[in-house]
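Letters A, B, ... mirror the listed sequences (proteins, then strands); counts begin at 1.
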Amino acid sequence: MLAIIDYDAGNTYNLKKAFDYLQLETVLTADKAVIEQCQGIVLPGVGAFAPAIANLQATGLDQIIKQQVKAGKPLLGICLGMQLLFDSSTEYGWHQGLGLIPGQVVAFENRPGFKVPQMGWNQNELLQSQNPFTFLADEYTYFVHSYYANCDPQYIITQVDYAIKVPAMVKCGKIYGTQFHPEKSGQVGLQVLATFAKKVVTSA
Amino acid sequence: MLAKRIIPCLDVDAGRVKKGVNFVNLKDVGDPAEIAANYQQQGADELVFLDITATNEQRRTMVEVVEKVSRQVFMPLTVGGGITSVAQIQALLKAGADKVSLNSAAVADPQLITAGAKKFGNQCIVVAIDVKINPQTGQPMVYTHGGQQATNLEAVAWAKKVVALGAGELLVTSMDQDGTKNGFAIELYQKLAAAIDVPIIASGGAGKIQDFIDVFQQAEVDGALAASVFHYGELTIPEVKQRLKAAGVSVRC
């Protein structure tokens, strides 16, 4: 069973539907006991960084997530949920993140021909081969975002080219994150969710 | 580099996909979820559902359609047709839509664009613009109500205005080209792309593969939408994408 963290941060139903389609058990929850019983955690998120982290802090979910990850439980952050894993973000001010992966979330600079947000399908370039997600090499996944994670290449599994190199999937121990929306990325996106549930979580 | 998008459009009436010629002789062509799943299989990059239901009563079924489609289809979904309020936008997004498309309501109540963008983000709000060239002046003019009602809005000026109000994407249909299968209105998209900096989806006129190649090579559009050529199997998405790729257009295939 995977816990999809329910903290009023955008549409989590589409993510739940994708897991349902794959016949993988998930529960939408903000309950500490339920999260503790689950074998893995999924942190979704759509919208702005500041209200999302404030919400996690106000509900104590930030501490629960940190404790669980520290105890070795695998986690998958998606879109804003991935950005929250980093140290900080500069979206509308400076905000502290969960600090689970070293790096900062920063805004795209406006460059001619590259509209912000990046919205659409972009092609993954594989940087690391020692992980269960190497099938992402050269595959297109679906992005909608105006900020990106600036982090050391050692944490980057795949990146996409959008005037600059943008981390698309990141990893730090058993903590994973996708900037793209696997639940909107067709077959390969479903494969990301299935791989996290079946390979990362069950082997943890 | 983002892939150029190929977007089939499905007309939905009372919960079923319908197809007619110029909105008459509507034929039932099937279940939206089944047809959407088939397009996903073919490699469509996004789907647009256009609610052509005439009555408000039946309009509620669109939320159920989106709910059902999004249980089986995992790609971006845009829903348009008859949306007039933030509450309707919210219901569609919650049901599983990623974007909503505003057309007549955007002209009648431009603040709806801003209200939607503020609450859900610019990326959720698409403004659909139906354009017809005025034969006297040569100016591209905006039409509403499924193309039946003329306005005094010039298309490029209106496009700039809706982007300023918060539209994150424009879906622009050339009524002059729509249904002709003579190719997209390239000159119109060139003018629009020079004036605005949000993604533009070209619609109306797709008949052969070269039409897709031409619009992507000659105008800065991000996607091309088509209905009948895909519905009737005259073209398949894989063959369109293969030819685009061979022509040097960046596509997902």
What are the atom names and distances for all donor-acceptor pairs below 3.5 Å between chain A and chain B?
{"residue": "A/Asn11", "atom": "ND2", "partner": "B/Leu93", "partner atom": "O", "Å": "2.9"}
{"residue": "A/Lys17", "atom": "NZ", "partner": "B/Ser70", "partner atom": "OG", "Å": "2.5"}
{"residue": "A/Lys17", "atom": "NZ", "partner": "B/Ala95", "partner atom": "O", "Å": "2.7"}
{"residue": "A/Lys115", "atom": "NZ", "partner": "B/Asp222", "partner atom": "OD1", "Å": "3.0"}
{"residue": "A/Trp121", "atom": "O", "partner": "B/Ala3", "partner atom": "N", "Å": "2.8"}
{"residue": "A/Trp121", "atom": "NE1", "partner": "B/Asp45", "partner atom": "O", "Å": "2.8"}
{"residue": "A/Asn122", "atom": "OD1", "partner": "B/Met1", "partner atom": "N", "Å": "3.3"}
{"residue": "A/Tyr140", "atom": "OH", "partner": "B/Val251", "partner atom": "O", "Å": "3.3"}
{"residue": "A/Asp161", "atom": "O", "partner": "B/Met1", "partner atom": "N", "Å": "2.4"}
{"residue": "A/Lys184", "atom": "NZ", "partner": "B/Met75", "partner atom": "O", "Å": "3.1"}
{"residue": "A/Lys184", "atom": "NZ", "partner": "B/Asp98", "partner atom": "OD2", "Å": "2.7"}
{"residue": "A/Gly186", "atom": "N", "partner": "B/Phe74", "partner atom": "O", "Å": "2.7"}

Given heavy-atom pairs under 4.5 angstrom as the criterion, report whether the side chain, backbone, both or neither of A/Phe114 touches chain B. side chain
Pairs in or reaching into residues 32-57 of chain A: which pass salt bridge (Lys or Arg N to Asp or Glu O under 4.0 Å), with residues at least two apart or in two chains? A/Lys32-A/Glu36
Looking only at B/Gly121, B/Cys253, B/Gly223, B/Pro76, the option with the highest number of non-hydrogen pairs under 4.5 Å against chain A is B/Pro76
Reported CZ-to-CG distance for the pair B/Phe74 and A/Leu22, which is rounded to 0.5 angstrom: 7.0 Å
Can you confirm whether B/Met1 is buried at CE, in the sense that more than 12 heavy atoms of other residues, nucleotides or ligands lie under 6.0 Å from that atom? no
Atom group of A/Val160 that falls short of 4.5 Å from chain B, counting heavy atoms: neither
Within a 6.0 Å radius of atom CD on A/Gln96, are there more than 12 heavy atoms belonging to other residues, nucleotides or ligands? no
